[in-house]
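Note sheet for the following structure.
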Amino acid sequence: MAFEVKKINPLDLQSRKAVGINLPFSTGDVFSSNYQTKDAIKNNLINFFLTGKGERYLNPMFGTGIRNMLFENITQDKLLEIETLVRNVVDIYFPRIKPSKVEVASNPDTNLVSFYMSYSIKDAGINDELLINIAN
Amino acid sequence: MAETRDIKYINRNFDDFKSQLMEYAKAYFPDSYNDFSPTSPGMMFIEMASYVGDVLSFYQDNQLQETFLQHAKNPGNLYALAYMMGYRPKAVTVAETELEVTQLVDATGPQFKPDFDQAIVVS
């Protein structure tokens, strides 16, 4: 019977080696490191989704510009558009990530828009989810 | 005693700064940072530092260029460099004067008014 081989990043096996840094930066040490690739990927996703196109110097295609789209009328078409955009950009910038569910919910009373994505990391057997709340 | 670190001083554009900073982090902070994918927040800081380096290098080159008479582009700097080397321009301006022109013409008609048909037209 075939079985799935899980790939483990060598950094995950060295508990003292930091991978990346956590968002947000408002901790006591300014930068708090993460020590698992799963956490690094989650923070990279947050950083990527909150970056608008053209914000990065010499990298105008980096980012999603999703923040601008979220405050338009959330119709079924718009949801589909956001989902397609997310799947396309994740394919390009996070080839190891497979989004399984993308949801956008708005709460006009509190001026809050929530962006939710659940995803899995290919070959690693890791499932995780991401929730970004954007308040106007 | 201070540790001697390998720092390159000749790579001075954005890509050079970025790759050098990445190499530096790999060489001297292997336990503190290991995520060099373009989406990571740490790379954002590396790119921001590279951006500052790139802009400062541009202005440094520009300032140096302006100190050479052969390459300076700013007219103010060109004049200053020329004056420093002894250039003393002769101030030449257009001459001005007041000129009054008169002409004697015949009188005409019963009222003896000047006959302006004889007047010269100055254009």
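Quantities reported herein were computed from a predicted structural model and do not represent experimental measurements. Residue numbers begin at 1 in each chain, while the letters A, B, ... track the order of the sequences.
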Indicate if Val105(B) and Phe112(B) have the same hydrophobic cluster label, given that clusters are the connected sets of ILVMFWY residues with side-chain heavy-atom separations under 4.5 angstrom.
no

Under a 4.5 Å side-chain heavy-atom rule over Ile, Leu, Val, Met, Phe, Trp and Tyr, are Leu130(A) and Leu85(A) clustered together?
yes

Do the side chains of Val102(A) and Ile92(A) join up, straight or via other hydrophobic residues, at under 4.5 Å, putting them in one cluster?
yes

Value for CD (Glu47(B)) from CZ (Phe62(A)), rounded to nearest 0.5 Å, stands at 7.5 Å

If you count heavy atoms of other groups shown closer than 6.0 angstrom to CD of Gln70(B), is the number above 12?
yes

Relative to chain A, which segment of Met44(B) carries a heavy atom at a distance below 4.5 Å: side chain, backbone, both, or neither?
both

Distance, nearest 0.5 Å, that separates OG of Ser40(B) from CG of Leu23(A):
9.5 Å

Pair Thr39(B), Leu45(A) - check side chain to side chain contact (heavy atoms under 4.5 Å, CB included), show working.
CA-CA 7 Å; Thr39(B) 51; Leu45(A) 280 167; over 6 Å; no

Note: vs chain A, highest number of non-hydrogen pairs under 4.5 angstrom among Phe29(B), Tyr51(B), Tyr33(B), Phe36(B) is Tyr51(B)

Hey, is NZ on Lys98(A) packed in by over 12 heavy atoms from elsewhere, all under 6.0 Å?
no

Are Phe25(A) and Phe45(B) an aromatic pair, judged by ring center distance below 6.0 Å?
yes

State which residue, out of Ile41(A), Val19(A), Thr37(A), fulfils the side chain to side chain contact (heavy atoms under 4.5 Å, CB included) condition with Asp35(B).
Val19(A)

Any link between Ile126(A) and Leu13(A) through a network of hydrophobic side chains (Ile, Leu, Val, Met, Phe, Trp, Tyr) touching at under 4.5 Å?
no

Greatest number of heavy atom pairs closer than 4.5 Å to chain B - which of Lys17(A), Gln14(A), Arg56(A):
Arg56(A)

Pair count under 4.5 Å, heavy atoms only, with chain A: among Gly42(B), Pro38(B), Ser37(B), highest is Pro38(B)

So, the part of Leu58(A) with a heavy atom under 4.5 Å from chain B: the answer is side chain

Verify the cluster assignment for Val90(A) and Leu50(A): are they in a single hydrophobic cluster under the rule of side-chain heavy atoms below 4.5 Å apart?
yes

Could you tell me whether the side chain of Asn34(B) and the main chain of Ala18(A) form a donor-acceptor pair under 3.5 Å?
yes

Checking heavy atoms, do the side chain of Ser32(B), its backbone, both or neither come under 4.5 Å from chain A?
backbone

Does CD1 in Ile120(B) sit with more than 12 non-hydrogen atoms of other residues, nucleotides or ligands closer than 6.0 Å?
no

